[in-house]
Amino acid sequence: MAAAQMKPIVIIGTGLAGYTVAREFRKLDQETQLVMLSADDAGYYSKPMLSNALAQGKTPDALLLSSAEQMASQLRADIHAYAAVSSIDPETQRIRFNGAEVEYQHLVLALGADPFRLPLQGDAAESVLSVNDRADYARFRSAIEGKDRIVILGGGLIGCEFANDLAASGYQVSVIDIGTHPLGRLVPEEIGMVMRDTLATIGIDWYLGLSVAQVDHATDGIRVTLSNGITLEADAVLSAIGLRPRIALATAAGLTVNRGIVTDQYLTTSSARISALGDCAEVSGLVLPFVMPLMQAARSLAKTLSGNPTPVHYPAMPVVVKTPACPLVISPPAANAEGTWHIETSGAGTQALFSGVDGALLGYALTGTATAHKQRLTKDLPVVLA
Ligand SMILES: Cc1cc2nc3c(=O)[nH]c(=O)nc-3n(C[C@H](O)[C@H](O)[C@H](O)COP(=O)(O)OP(=O)(O)OC[C@H]3O[C@@H](n4cnc5c(N)ncnc54)[C@H](O)[C@@H]3O)c2cc1C
(Lines give C-alpha, C1' and ligand atoms only; values in the text may rest on other atoms or scores of the structure.)
Protein backbone atom coordinates (compact mmCIF):
# COMPACT_ATOMS: atom_id res chain seq x y z
CA MET A 1 0.00 0.00 0.00
CA ALA A 2 1.31 3.49 -0.85
CA ALA A 3 2.27 5.65 2.12
CA ALA A 4 -0.46 8.21 1.30
CA GLN A 5 -3.14 5.51 1.46
CA MET A 6 -2.00 4.43 4.91
CA LYS A 7 -2.74 7.79 6.45
CA PRO A 8 -6.06 7.87 8.32
CA ILE A 9 -9.19 9.85 7.68
CA VAL A 10 -9.27 12.28 10.60
CA ILE A 11 -12.49 13.79 11.93
CA ILE A 12 -12.25 16.76 14.31
CA GLY A 13 -15.39 16.89 16.45
CA THR A 14 -17.52 14.19 18.04
CA GLY A 15 -20.90 15.93 18.05
CA LEU A 16 -23.79 14.66 15.96
CA ALA A 17 -22.01 15.75 12.76
CA GLY A 18 -18.70 14.00 13.50
CA TYR A 19 -20.25 10.80 14.82
CA THR A 20 -22.89 10.58 12.07
CA VAL A 21 -20.33 10.90 9.29
CA ALA A 22 -18.15 8.26 11.01
CA ARG A 23 -21.10 5.87 11.37
CA GLU A 24 -22.23 6.38 7.76
CA PHE A 25 -18.65 5.94 6.54
CA ARG A 26 -18.23 2.66 8.43
CA LYS A 27 -21.33 1.28 6.65
CA LEU A 28 -19.42 1.74 3.38
CA ASP A 29 -15.80 1.16 4.39
CA GLN A 30 -14.69 -1.11 7.22
CA GLU A 31 -10.96 -0.90 6.45
CA THR A 32 -9.70 2.68 6.30
CA GLN A 33 -8.22 3.88 9.56
CA LEU A 34 -10.42 6.45 11.27
CA VAL A 35 -9.11 8.90 13.88
CA MET A 36 -11.48 11.19 15.80
CA LEU A 37 -10.43 14.10 18.00
CA SER A 38 -12.58 16.02 20.41
CA ALA A 39 -12.00 18.97 22.72
CA ASP A 40 -14.57 17.43 25.11
CA ASP A 41 -15.00 13.94 26.62
CA ALA A 42 -16.09 12.58 23.21
CA GLY A 43 -19.22 11.00 24.70
CA TYR A 44 -22.10 10.51 22.28
CA TYR A 45 -25.30 12.36 23.17
CA SER A 46 -28.15 14.12 21.44
CA LYS A 47 -27.59 17.86 21.81
CA PRO A 48 -31.27 18.82 21.25
CA MET A 49 -32.02 17.04 24.56
CA LEU A 50 -30.17 19.81 26.45
CA SER A 51 -33.17 22.13 26.27
CA ASN A 52 -35.79 19.65 27.45
CA ALA A 53 -33.81 17.48 29.85
CA LEU A 54 -34.62 19.28 33.09
CA ALA A 55 -38.36 18.64 33.17
CA GLN A 56 -37.63 14.99 32.34
CA GLY A 57 -35.32 14.86 35.35
CA LYS A 58 -32.30 13.94 33.20
CA THR A 59 -28.89 14.41 34.77
CA PRO A 60 -25.89 15.21 32.53
CA ASP A 61 -24.80 11.56 32.90
CA ALA A 62 -28.24 10.31 31.89
CA LEU A 63 -27.89 12.24 28.60
CA LEU A 64 -24.81 10.23 27.66
CA LEU A 65 -25.87 7.57 25.15
CA SER A 66 -22.41 6.00 24.62
CA SER A 67 -18.99 6.72 26.09
CA ALA A 68 -15.95 7.51 23.93
CA GLU A 69 -14.72 3.92 24.52
CA GLN A 70 -18.04 2.44 23.38
CA MET A 71 -18.02 4.66 20.29
CA ALA A 72 -14.43 3.68 19.52
CA SER A 73 -15.34 0.01 19.50
CA GLN A 74 -18.62 0.51 17.57
CA LEU A 75 -16.90 2.58 14.88
CA ARG A 76 -13.53 0.85 15.03
CA ALA A 77 -12.04 4.31 15.36
CA ASP A 78 -9.17 5.71 17.33
CA ILE A 79 -10.94 8.34 19.47
CA HIS A 80 -9.00 10.98 21.42
CA ALA A 81 -10.96 12.84 24.11
CA TYR A 82 -9.80 16.22 25.50
CA ALA A 83 -7.74 16.63 22.34
CA ALA A 84 -8.27 20.23 21.26
CA VAL A 85 -6.70 20.69 17.84
CA SER A 86 -4.53 23.79 17.80
CA SER A 87 -3.55 23.95 14.14
CA ILE A 88 -4.04 22.44 10.71
CA ASP A 89 -1.46 22.51 7.93
CA PRO A 90 -3.21 21.80 4.62
CA GLU A 91 0.16 21.74 2.78
CA THR A 92 1.69 18.88 4.76
CA GLN A 93 -1.71 17.39 5.70
CA ARG A 94 -0.93 17.43 9.41
CA ILE A 95 -2.82 18.59 12.45
CA ARG A 96 -1.52 19.37 15.94
CA PHE A 97 -3.19 18.66 19.27
CA ASN A 98 -1.87 18.42 22.84
CA GLY A 99 1.69 18.69 21.52
CA ALA A 100 1.18 15.66 19.22
CA GLU A 101 0.83 15.55 15.43
CA VAL A 102 -1.35 13.42 13.15
CA GLU A 103 -1.17 13.14 9.39
CA TYR A 104 -4.36 12.75 7.41
CA GLN A 105 -5.27 11.54 3.95
CA HIS A 106 -8.54 13.44 4.36
CA LEU A 107 -9.67 15.75 7.16
CA VAL A 108 -13.28 16.37 8.21
CA LEU A 109 -14.11 19.48 10.24
CA ALA A 110 -17.17 18.93 12.44
CA LEU A 111 -16.33 21.65 14.94
CA GLY A 112 -19.78 22.94 15.86
CA ALA A 113 -20.57 26.50 16.92
CA ASP A 114 -19.92 28.75 19.92
CA PRO A 115 -22.69 30.48 21.84
CA PHE A 116 -22.73 34.15 20.97
CA ARG A 117 -21.79 36.25 24.03
CA LEU A 118 -23.23 39.73 24.41
CA PRO A 119 -20.62 42.26 25.58
CA LEU A 120 -22.48 42.91 28.85
CA GLN A 121 -21.75 45.65 31.40
CA GLY A 122 -21.73 45.00 35.14
CA ASP A 123 -19.73 43.03 37.70
CA ALA A 124 -21.73 39.80 37.20
CA ALA A 125 -21.42 39.75 33.38
CA GLU A 126 -19.01 36.79 33.65
CA SER A 127 -21.54 34.72 35.60
CA VAL A 128 -24.00 34.65 32.68
CA LEU A 129 -24.26 31.00 31.57
CA SER A 130 -24.99 29.34 28.25
CA VAL A 131 -25.79 25.70 27.54
CA ASN A 132 -24.28 24.29 24.36
CA ASP A 133 -22.92 20.90 25.51
CA ARG A 134 -23.20 18.37 28.34
CA ALA A 135 -20.54 20.08 30.46
CA ASP A 136 -22.44 23.40 30.19
CA TYR A 137 -25.64 21.59 31.16
CA ALA A 138 -23.89 20.17 34.24
CA ARG A 139 -22.70 23.66 35.24
CA PHE A 140 -26.14 25.12 34.65
CA ARG A 141 -27.84 22.43 36.74
CA SER A 142 -25.56 23.02 39.68
CA ALA A 143 -26.03 26.80 39.39
CA ILE A 144 -29.84 26.49 39.61
CA GLU A 145 -30.00 23.64 42.14
CA GLY A 146 -32.28 24.73 45.00
CA LYS A 147 -32.78 28.17 43.37
CA ASP A 148 -35.94 29.78 41.97
CA ARG A 149 -35.51 32.72 39.63
CA ILE A 150 -33.98 32.41 36.17
CA VAL A 151 -33.58 35.19 33.63
CA ILE A 152 -33.12 34.09 30.00
CA LEU A 153 -31.51 36.44 27.50
CA GLY A 154 -33.05 35.73 24.08
CA GLY A 155 -36.49 34.51 23.08
CA GLY A 156 -35.45 32.54 20.01
CA LEU A 157 -35.97 28.79 19.53
CA ILE A 158 -33.51 27.75 22.22
CA GLY A 159 -34.56 30.51 24.66
CA CYS A 160 -38.23 29.48 24.34
CA GLU A 161 -37.34 25.80 24.81
CA PHE A 162 -35.32 26.47 27.98
CA ALA A 163 -38.06 28.80 29.26
CA ASN A 164 -40.68 26.07 28.85
CA ASP A 165 -38.40 23.42 30.39
CA LEU A 166 -37.49 25.56 33.40
CA ALA A 167 -41.07 26.70 34.04
CA ALA A 168 -42.27 23.08 33.81
CA SER A 169 -39.61 22.22 36.40
CA GLY A 170 -41.00 24.79 38.86
CA TYR A 171 -38.70 27.76 38.17
CA GLN A 172 -39.84 31.36 37.94
CA VAL A 173 -38.68 32.39 34.45
CA SER A 174 -38.30 35.81 32.79
CA VAL A 175 -37.29 36.11 29.14
CA ILE A 176 -35.77 39.28 27.69
CA ASP A 177 -35.69 39.82 23.94
CA ILE A 178 -34.92 42.83 21.84
CA GLY A 179 -37.66 41.92 19.33
CA THR A 180 -41.32 42.72 19.75
CA HIS A 181 -42.25 39.03 19.75
CA PRO A 182 -40.45 35.76 20.51
CA LEU A 183 -38.85 33.63 17.75
CA GLY A 184 -37.70 36.66 15.76
CA ARG A 185 -37.82 36.41 11.99
CA LEU A 186 -38.42 32.65 11.98
CA VAL A 187 -42.15 33.17 12.36
CA PRO A 188 -44.68 35.96 11.68
CA GLU A 189 -45.68 38.15 14.61
CA GLU A 190 -49.02 36.35 15.14
CA ILE A 191 -47.26 33.02 15.79
CA GLY A 192 -44.69 34.72 18.04
CA MET A 193 -47.58 36.14 20.06
CA VAL A 194 -49.17 32.70 20.39
CA MET A 195 -45.86 31.48 21.85
CA ARG A 196 -45.65 34.53 24.16
CA ASP A 197 -49.21 34.20 25.44
CA THR A 198 -49.13 30.42 25.84
CA LEU A 199 -45.84 30.41 27.74
CA ALA A 200 -47.21 33.27 29.89
CA THR A 201 -49.98 30.88 31.02
CA ILE A 202 -47.34 28.60 32.56
CA GLY A 203 -45.82 31.54 34.42
CA ILE A 204 -43.18 32.92 32.05
CA ASP A 205 -42.74 36.71 32.20
CA TRP A 206 -41.74 38.46 28.98
CA TYR A 207 -39.67 41.61 28.62
CA LEU A 208 -39.90 42.30 24.89
CA GLY A 209 -38.49 45.15 22.84
CA LEU A 210 -35.79 45.53 25.50
CA SER A 211 -32.10 44.84 25.88
CA VAL A 212 -29.89 44.29 28.92
CA ALA A 213 -28.02 47.34 30.16
CA GLN A 214 -26.18 45.71 33.06
CA VAL A 215 -25.75 42.47 35.03
CA ASP A 216 -24.52 42.92 38.62
CA HIS A 217 -24.08 40.91 41.78
CA ALA A 218 -26.77 41.71 44.36
CA THR A 219 -27.06 40.73 48.02
CA ASP A 220 -29.36 37.88 47.06
CA GLY A 221 -28.19 36.71 43.62
CA ILE A 222 -27.89 38.70 40.41
CA ARG A 223 -29.56 41.94 39.36
CA VAL A 224 -30.32 42.39 35.65
CA THR A 225 -30.98 45.99 34.60
CA LEU A 226 -32.93 46.43 31.37
CA SER A 227 -32.60 49.23 28.82
CA ASN A 228 -35.78 50.88 30.20
CA GLY A 229 -34.39 50.93 33.76
CA ILE A 230 -36.47 48.00 35.08
CA THR A 231 -34.46 45.62 37.26
CA LEU A 232 -35.00 41.87 37.60
CA GLU A 233 -33.64 39.84 40.49
CA ALA A 234 -32.37 36.40 39.51
CA ASP A 235 -30.50 33.41 40.89
CA ALA A 236 -29.03 32.59 37.47
CA VAL A 237 -28.91 34.21 34.03
CA LEU A 238 -28.92 32.04 30.92
CA SER A 239 -27.87 33.50 27.59
CA ALA A 240 -29.54 31.99 24.51
CA ILE A 241 -29.02 34.58 21.85
CA GLY A 242 -27.59 32.46 19.08
CA LEU A 243 -24.54 30.56 17.90
CA ARG A 244 -21.53 31.44 15.78
CA PRO A 245 -19.89 28.74 13.59
CA ARG A 246 -16.41 27.82 14.87
CA ILE A 247 -14.21 29.13 12.09
CA ALA A 248 -10.99 30.12 13.91
CA LEU A 249 -9.07 26.92 13.18
CA ALA A 250 -10.05 27.00 9.49
CA THR A 251 -9.23 30.71 9.21
CA ALA A 252 -5.76 30.15 10.69
CA ALA A 253 -5.21 27.30 8.23
CA GLY A 254 -5.96 29.64 5.33
CA LEU A 255 -9.26 27.99 4.34
CA THR A 256 -12.01 30.16 2.87
CA VAL A 257 -14.49 31.22 5.53
CA ASN A 258 -17.50 33.45 5.52
CA ARG A 259 -20.21 33.08 8.22
CA GLY A 260 -19.09 29.45 8.42
CA ILE A 261 -16.33 27.33 6.89
CA VAL A 262 -17.16 27.62 3.19
CA THR A 263 -17.80 24.37 1.29
CA ASP A 264 -19.23 23.41 -2.05
CA GLN A 265 -22.13 20.98 -2.43
CA TYR A 266 -19.70 18.07 -1.93
CA LEU A 267 -18.83 19.48 1.52
CA THR A 268 -15.32 20.21 0.23
CA THR A 269 -13.62 23.32 1.61
CA SER A 270 -11.16 25.46 -0.34
CA SER A 271 -8.59 22.71 0.38
CA ALA A 272 -9.42 19.58 -1.66
CA ARG A 273 -8.51 17.22 1.20
CA ILE A 274 -10.55 18.97 3.86
CA SER A 275 -14.33 18.78 4.24
CA ALA A 276 -16.67 20.46 6.72
CA LEU A 277 -20.20 19.79 7.91
CA GLY A 278 -22.58 20.52 10.76
CA ASP A 279 -22.85 23.78 12.70
CA CYS A 280 -19.36 25.00 11.65
CA ALA A 281 -20.03 24.75 7.91
CA GLU A 282 -21.49 27.05 5.29
CA VAL A 283 -22.59 24.65 2.58
CA SER A 284 -23.32 26.24 -0.80
CA GLY A 285 -24.02 29.54 0.99
CA LEU A 286 -26.26 27.99 3.69
CA VAL A 287 -25.52 27.94 7.43
CA LEU A 288 -28.17 25.59 8.84
CA PRO A 289 -27.42 24.71 12.48
CA PHE A 290 -29.95 21.90 12.84
CA VAL A 291 -29.89 18.12 12.97
CA MET A 292 -31.60 17.28 9.67
CA PRO A 293 -29.15 19.19 7.44
CA LEU A 294 -26.14 17.62 9.14
CA MET A 295 -27.63 14.13 8.71
CA GLN A 296 -28.07 14.74 4.96
CA ALA A 297 -24.53 16.14 4.78
CA ALA A 298 -23.06 13.20 6.72
CA ARG A 299 -24.63 10.63 4.37
CA SER A 300 -23.33 12.41 1.27
CA LEU A 301 -19.88 12.98 2.72
CA ALA A 302 -19.56 9.33 3.78
CA LYS A 303 -20.15 8.31 0.16
CA THR A 304 -17.63 10.86 -1.08
CA LEU A 305 -15.03 9.68 1.44
CA SER A 306 -15.52 6.10 0.34
CA GLY A 307 -14.73 6.98 -3.27
CA ASN A 308 -18.15 7.89 -4.66
CA PRO A 309 -18.29 11.72 -4.91
CA THR A 310 -21.84 12.69 -3.90
CA PRO A 311 -23.28 16.21 -3.58
CA VAL A 312 -25.59 16.95 -0.67
CA HIS A 313 -29.23 17.76 -1.36
CA TYR A 314 -31.46 19.32 1.25
CA PRO A 315 -35.17 18.59 1.11
CA ALA A 316 -37.56 20.83 3.07
CA MET A 317 -36.49 20.26 6.69
CA PRO A 318 -39.10 21.41 9.23
CA VAL A 319 -37.98 21.95 12.82
CA VAL A 320 -40.17 20.77 15.69
CA VAL A 321 -39.77 23.30 18.50
CA LYS A 322 -39.57 21.56 21.90
CA THR A 323 -42.05 23.74 23.77
CA PRO A 324 -44.64 21.20 24.97
CA ALA A 325 -46.84 24.00 26.39
CA CYS A 326 -47.06 25.47 22.88
CA PRO A 327 -46.52 22.82 20.19
CA LEU A 328 -44.87 24.50 17.21
CA VAL A 329 -43.36 23.31 13.98
CA ILE A 330 -41.66 25.69 11.58
CA SER A 331 -40.19 25.64 8.13
CA PRO A 332 -39.12 29.25 7.60
CA PRO A 333 -38.98 30.61 4.03
CA ALA A 334 -35.50 31.29 2.60
CA ALA A 335 -34.00 34.56 3.90
CA ASN A 336 -34.38 36.28 0.50
CA ALA A 337 -37.84 34.87 -0.34
CA GLU A 338 -40.45 37.39 -1.49
CA GLY A 339 -44.03 36.78 -0.49
CA THR A 340 -46.59 37.17 2.28
CA TRP A 341 -47.77 35.35 5.38
CA HIS A 342 -51.39 34.20 5.54
CA ILE A 343 -52.59 33.47 9.04
CA GLU A 344 -55.58 31.33 9.99
CA THR A 345 -56.67 30.43 13.49
CA SER A 346 -59.09 27.60 14.06
CA GLY A 347 -59.89 26.35 17.55
CA ALA A 348 -56.64 25.64 19.39
CA GLY A 349 -54.40 25.92 16.34
CA THR A 350 -52.86 28.70 14.26
CA GLN A 351 -51.53 28.08 10.78
CA ALA A 352 -49.24 30.61 9.11
CA LEU A 353 -48.42 29.92 5.47
CA PHE A 354 -45.86 31.95 3.55
CA SER A 355 -46.58 32.05 -0.16
CA GLY A 356 -44.46 33.53 -2.91
CA VAL A 357 -45.61 36.03 -5.52
CA ASP A 358 -46.79 33.12 -7.72
CA GLY A 359 -48.82 31.66 -4.84
CA ALA A 360 -46.47 28.70 -4.22
CA LEU A 361 -45.99 27.65 -0.61
CA LEU A 362 -42.48 28.66 0.54
CA GLY A 363 -42.65 28.22 4.31
CA TYR A 364 -44.90 27.70 7.29
CA ALA A 365 -45.30 27.97 11.04
CA LEU A 366 -47.92 25.80 12.74
CA THR A 367 -48.98 25.87 16.38
CA GLY A 368 -51.29 23.77 18.53
CA THR A 369 -53.69 21.53 16.60
CA ALA A 370 -52.43 23.00 13.28
CA THR A 371 -49.18 21.01 13.75
CA ALA A 372 -51.20 18.03 12.46
CA HIS A 373 -50.85 19.55 8.95
CA LYS A 374 -47.06 19.30 9.01
CA GLN A 375 -46.68 16.27 6.74
CA ARG A 376 -49.18 17.38 4.13
CA LEU A 377 -47.73 20.91 3.92
CA THR A 378 -44.09 19.74 3.89
CA LYS A 379 -44.80 17.83 0.65
CA ASP A 380 -45.68 21.16 -1.01
CA LEU A 381 -42.54 23.02 0.11
CA PRO A 382 -39.64 23.59 -2.29
CA VAL A 383 -36.34 21.79 -1.65
CA VAL A 384 -33.77 23.84 0.27
CA LEU A 385 -30.81 22.75 -1.89
CA ALA A 386 -31.46 20.98 -5.19
C1 LIG B 1 -29.97 23.58 23.44
C2 LIG B 1 -30.02 23.18 21.99
C3 LIG B 1 -31.18 22.58 21.49
C4 LIG B 1 -31.25 22.23 20.14
N5 LIG B 1 -32.39 21.64 19.66
C6 LIG B 1 -32.46 21.29 18.37
C7 LIG B 1 -33.63 20.65 17.84
O8 LIG B 1 -34.62 20.45 18.56
N9 LIG B 1 -33.63 20.27 16.52
C10 LIG B 1 -32.56 20.50 15.71
O11 LIG B 1 -32.60 20.13 14.53
N12 LIG B 1 -31.43 21.09 16.18
C13 LIG B 1 -31.36 21.48 17.48
N14 LIG B 1 -30.22 22.07 17.95
C15 LIG B 1 -29.08 22.22 17.04
C16 LIG B 1 -28.32 20.89 16.93
O17 LIG B 1 -28.21 20.31 18.20
C18 LIG B 1 -26.96 21.15 16.31
O19 LIG B 1 -27.19 21.59 14.99
C20 LIG B 1 -26.05 19.92 16.27
O21 LIG B 1 -26.05 19.21 17.47
C22 LIG B 1 -24.63 20.37 15.88
O23 LIG B 1 -23.78 19.27 15.85
P24 LIG B 1 -22.23 19.45 15.46
O25 LIG B 1 -21.67 18.09 15.52
O26 LIG B 1 -22.13 20.26 14.22
O27 LIG B 1 -21.62 20.36 16.62
P28 LIG B 1 -21.29 20.03 18.15
O29 LIG B 1 -22.26 19.07 18.71
O30 LIG B 1 -21.15 21.35 18.82
O31 LIG B 1 -19.90 19.30 18.11
C32 LIG B 1 -18.70 19.98 17.90
C33 LIG B 1 -17.57 19.09 18.28
O34 LIG B 1 -16.35 19.69 17.87
C35 LIG B 1 -15.41 19.60 18.91
N36 LIG B 1 -14.39 20.65 18.73
C37 LIG B 1 -14.58 21.97 18.53
N38 LIG B 1 -13.40 22.60 18.38
C39 LIG B 1 -12.44 21.65 18.46
C40 LIG B 1 -11.03 21.65 18.37
N41 LIG B 1 -10.32 22.77 18.15
N42 LIG B 1 -10.38 20.47 18.53
C43 LIG B 1 -11.04 19.32 18.75
N44 LIG B 1 -12.39 19.26 18.83
C45 LIG B 1 -13.07 20.41 18.68
C46 LIG B 1 -16.24 19.70 20.17
O47 LIG B 1 -15.54 19.19 21.29
C48 LIG B 1 -17.43 18.81 19.77
O49 LIG B 1 -17.09 17.45 19.94
C50 LIG B 1 -30.13 22.46 19.29
C51 LIG B 1 -28.98 23.08 19.80
C52 LIG B 1 -28.92 23.43 21.14
C53 LIG B 1 -27.68 24.09 21.67
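Whatever order the structure lists them in is the order used to number ligands and atoms, beginning at 1. Fair warning: this is a prediction, and the values are worked out from it, not measured in the lab.
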Undergrad: Nearest to atom 42 (N) of ligand 1, what protein heavy atom do you find, and at what distance?
TA: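 Heavy-atom neighbour on the protein nearest atom 42 (N) of ligand 1: Val85 N, 2.8 Å.
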Undergrad: Examine Leu243 against ligand 1 and note whether any of their N/O atoms are separated by less than 3.5 Å.
TA: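 It does not: no N or O of Leu243 is found under 3.5 Å from an N or O of ligand 1.
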Undergrad: Any idea which part of Ala110 is under 4.0 Å from ligand 1, heavy-atom wise: side chain, backbone, both or neither?
TA: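 Just the backbone.
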Undergrad: Hey, are Thr225 and Thr231 close enough side-chain-wise for a donor-acceptor pair under 3.5 Å?
TA: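 No, Thr225 and Thr231 have no side-chain donor paired with an acceptor closer than 3.5 Å.
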Undergrad: Which residue holds the protein heavy atom closest to atom 15 (C) of ligand 1, what is that atom called, and what is the gap in Å?
TA: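 Ranked first by proximity to atom 15 (C) of ligand 1 is Pro289 O, 3.4 Å.
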Undergrad: Can you tell which part of Leu294 has a heavy atom less than 4.0 Å from ligand 1: side chain, backbone, both or neither?
TA: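 Only the side chain of Leu294 comes within reach of ligand 1.
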Undergrad: Hey, quick one: are Leu381 and Phe354 part of the same hydrophobic cluster, counting side-chain heavy atoms closer than 4.5 Å, chains of contacts allowed?
TA: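 Result: no, two separate clusters.
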Undergrad: Hey, are Tyr364 and Thr378 close enough side-chain-wise for a donor-acceptor pair under 3.5 Å?
TA: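 The criterion, which ignores hydrogens and geometry beyond distance, is satisfied for Tyr364 and Thr378.
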Undergrad: Does Asp41 form a salt bridge (charged side-chain N to carboxylate O under 4.0 Å, His left out) with Arg134? I'd like the steps, not just the answer.
TA: CA-CA 9 Å; Asp41 69 1; Arg134 274 175 46 250; 3.1 Å; yes
Undergrad: Considering Ala281, Pro48, Ala39 one by one, which has a heavy atom nearer to atom 9 (N) of ligand 1 than any of the others?
TA: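 When every heavy atom of Ala281, Pro48, Ala39 is considered, Pro48 comes closest to atom 9 (N) of ligand 1.
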Undergrad: Can you tell me if Arg185 has over 12 outside heavy atoms packed within less than 6.0 Å of its CZ?
TA: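 Atom CZ in Arg185 is not packed in, count stays at 12 or less.
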Undergrad: Run down the list Val131, Ile95, Asn132, Leu111 and name the one with the heavy atom closest to atom 36 (N) of ligand 1.
TA: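 Nearest heavy atom to atom 36 (N) of ligand 1 lies in Leu111.
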Undergrad: Starting from atom 31 (O) of ligand 1, what is the nearest protein heavy atom, named by residue and atom, and what distance separates them?
TA: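 Protein heavy atom at minimum distance: Gly15 CA, 3.5 Å.
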Undergrad: Applying a heavy-atom cut-off of 4.0 Å, say which part of Ile158 lies close to ligand 1: side chain, backbone, both or neither.
TA: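 Within the 4.0 Å criterion, Ile158 contacts ligand 1 through side-chain atoms alone.
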Undergrad: Considering only distance and modelled atom types, tabulate donor-acceptor pairs under 3.5 Å from the side chains of residues 194-208, sequence neighbours left out.
TA:
residue	atom	partner	partner atom	Å
Thr198	OG1	Val194	O	2.5
Thr201	OG1	Thr198	O	2.5
Trp206	NE1	Arg196	O	2.9

Undergrad: Select one of side chain, backbone, both or neither to describe which atoms of Leu157 lie under 4.0 Å from any atom of ligand 1, heavy atoms only.
TA: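 Neither part.
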Undergrad: Backbone, side chain, both or neither: what part of Thr14 comes under 4.0 angstrom of ligand 1, heavy atoms only?
TA: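 It is both parts that get close, each with some atom under 4.0 Å.
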Undergrad: Between ligand 1 and Leu50, is the shortest N or O to N or O distance under 3.5 Å?
TA: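 Leu50 vs ligand 1: no N/O contact under 3.5 Å.
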Undergrad: Should side-chain heavy atoms under 4.5 Å link Ile, Leu, Val, Met, Phe, Trp and Tyr, which residues sit in the same cluster as Val287?
TA: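 Members other than Val287 - counting any ILVMFWY side chain reachable under 4.5 Å - there are none.
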